[in-house]
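One structure is given here, and the rest of the page talks about it.
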Amino acid sequence: MDTDPPFHEIYKTLLDKTIQESKTKTATTDNELDIIEECELPLIDLSRLSLLDELEKEKCKEEIARASQEWGFFQVVNHGISREILENMRREQVKLFKQPFDKKSKEDKFLNFSSGTYRWGTPTATCLSQLSWSEAFHIPMTDISASDGFTTFSSTMEQFAITVANLAQKLAEILAEKLGCKSTFFKENCVPSTCYLRLNRYPTCPIPGQVLGLMSHTDSDFLTILHQDQVGGLQLVKDGKWIAVKPNPEALIINIGDLFQAWSNDVYKSVQHRVVTNPLVERFSTAYFFCPSYDTEIKSGCETSVYKKFSFKEYREQVQKDVQKLGRKVGLPRFLV
């Protein structure tokens, strides 16, 4: 049975139209902006945080804050998540996605996950630039221990999630400290029950120049921690241009989300990023999203705030409205003062 989602069947009209147009003219879309040469993100060795040398420890924290201000993305090594955990997670993830599509789409019976955990494509797409050629399991942390369908998978996910959650808390506290905010905000509001994992697979695509694996967006959380394979495909905007991120087998990628940008009053940057498709090789990644509870109020500690106060629930609802109406996320500009 076919493991891939039925992209060709469901999006036949959009695909046929694009293929026909490509025979008569060269398409010029956002997908085809010039890409600067492949680039390495700022690399930070977190083992320095455990040193007795206070100057070296402080220097590491400053690098984290600087990368969050200037790039919105950075990568970390010696992060505390063992190679064994990462390899086990990848192996179980591949095994999951290799299940037949019909079985994956019944994930509530298949893995005891909540209905709607398995997602693919872009239901609201009206043109190919809005279509994401990918499939994913969007798993709330509260669902992980309930996934009895794959016992090994469940325990592996739980092990991965616990270690990555600890890393997210540590990084968030460092970023808050560098803003002069030594608060318990993140420990109180970003608890395991509010965070989630997203397991991604990007199948091979017959028209990689026309369709993205994941359309351009910013993340609607505080922090995202990404473990990716070595295929490559992640791109981000830096200085008004798209940059292709060079994979590093030893590193995890960290990026700032919209909530941290608002909470920091625009000090830390949530930047546009996307995933391009590959005609020959499929790609896998696992993302951990560090989120607060829905009723958590997001506000800057500054007297002159760039954004109005809003709850995480209000933010998510506005994003969903915009995607339904416009086919894309608007995000933080909706909440400017």
Around K325, counting heavy atoms of other residues, nucleotides and ligands shown, do more than 12 lie under 6.0 Å from its NZ?
no

So, R201 versus Q93: side-chain donor-acceptor pair below 3.5 Å or not?
no

Less than 3.5 Å apart, any donor N or O on the side chain of S264 or K269 sitting next to an acceptor on the other?
no

Full working for side chain to side chain donor-acceptor pair (under 3.5 Å) between T218 and Q272
CA-CA 5 Å; T218 57; Q272 291 283 329; 4.8 Å; no

Closer than 4.0 angstrom, basic N to acidic O: yes or no for K59 and D53?
no

Check K313 with E297, please: is the shortest side-chain N to carboxylate O separation under 4.0 Å?
no

Worked verdict on T126 versus Q130 for side chain to side chain donor-acceptor pair (under 3.5 Å)
CA-CA 7 Å; T126 57; Q130 296 174 354; 3.1 Å; yes

Could you check, using the six-membered ring where one of them is a Trp, whether Y202 and W133 have ring centers closer than 6.0 angstrom?
no

Determine, for E135 against R119, whether the closest basic-nitrogen to carboxylate-oxygen distance falls under 4.0 angstrom.
no

Salt bridge flag under 4.0 Å for residues K178 and E58
yes

Distance check, rounded to the nearest 0.5 Å: L332 atom CG versus S220 atom OG?
8.0 Å

What verdict does the side-chain contact (heavy atoms from CB on, under 4.5 Å) test give for V77 and L46, after you've listed the backbone C-alpha separation in whole Å, the side-chain angles of each residue and the deciding distance to 0.1 Å?
CA-CA 6 Å; V77 292; L46 295 186; over 6 Å; no

Could you go through the salt bridge (charged side-chain N to carboxylate O under 4.0 Å, His left out) check for D258 and K329 one step at a time?
CA-CA 12 Å; D258 297 342; K329 170 185 171 180; 2.6 Å; yes

Can T163 and I85 be said to form a side-chain contact (heavy atoms from CB on, under 4.5 Å), step by step?
CA-CA 9 Å; T163 52; I85 289 176; 4.0 Å; yes

Let's go through T224 and I253 carefully: what are the C-alpha distance in whole Å and the side-chain angles of both, what is the deciding distance for side-chain contact (heavy atoms from CB on, under 4.5 Å) to 0.1 Å, and is it a yes or a no?
CA-CA 8 Å; T224 304; I253 292 176; over 6 Å; no

Main-chain N/O of K187 paired with T184 side-chain donor or acceptor, under 3.5 Å
no

Value for CG (L236) from CZ (R274), rounded to nearest 0.5 Å, stands at 10.0 Å

Modelled atom types, side-chain donor and acceptor of R90 and N88, under 3.5 Å
no

Any side-chain heavy-atom pair from M157 and L197 closer than 4.5 angstrom?
yes

One thing to verify: whether K57 and E54 come together as a salt bridge, which I'm taking to mean a side-chain N less than 4.0 angstrom from a carboxylate O.
yes

Classify the angle between the aromatic ring planes of H217 and H273 as parallel (below 30°), tilted (30 to 60°) or perpendicular (above 60°).
tilted

For F260, which of F290, Y307, F186 qualifies under ring-ring contact (aromatic ring centres under 6.0 Å, His included)?
F186

To the nearest 0.5 Å, atom CH2 of W71 lies from atom CG of L41 at 6.0 Å

Side chains of F312 and D295: closer than 4.5 Å at any heavy-atom pair?
no

Got more than 12 heavy atoms from elsewhere within 6.0 Å of CD, E84?
no

Inter-residue atom distance L259.CG - R316.CZ, 0.5 Å rounding:
9.5 Å

Do S50 and S47 meet the criterion of a side-chain donor-acceptor pair at a distance under 3.5 Å?
no

Does the gap between the ring centers of Y268 and F222 come in under 6.0 Å?
no

Will you find, in the side chains of S105 and D102, an N or O donor that is under 3.5 Å from an N or O acceptor?
no

In Å and rounded to the nearest 0.5 Å, what is the CG to CD distance from L223 to Q169?
9.5 Å

Ionic contact status for D322 with R328, cut-off 4.0 Å
no

Determine, using ring centers only, whether Y118 and F137 are less than 6.0 Å apart.
yes

Assess the residue pair I81 and I225 against the criterion (side-chain contact (heavy atoms from CB on, under 4.5 Å)); give the C-alpha distance rounded to whole Å, side-chain angles, the decisive distance to 0.1 Å, and a yes or no.
CA-CA 12 Å; I81 295 96; I225 300 180; over 6 Å; no

With a 4.0 Å cut-off on N to O distance, would you call E63 and R66 a salt bridge?
no

For S305 and K299, does a side-chain donor sit closer than 3.5 Å to a side-chain acceptor?
no

Between E250 and R83, is the closest basic N to carboxylate O distance under 4.0 Å?
yes

Is it the case that Q261 and D266 place a side-chain donor and acceptor less than 3.5 Å from each other?
yes

Using the ring of each side chain (for Trp, its six-membered ring), is H138 parallel, tilted or perpendicular to F289, with breaks at 30° and 60°?
parallel

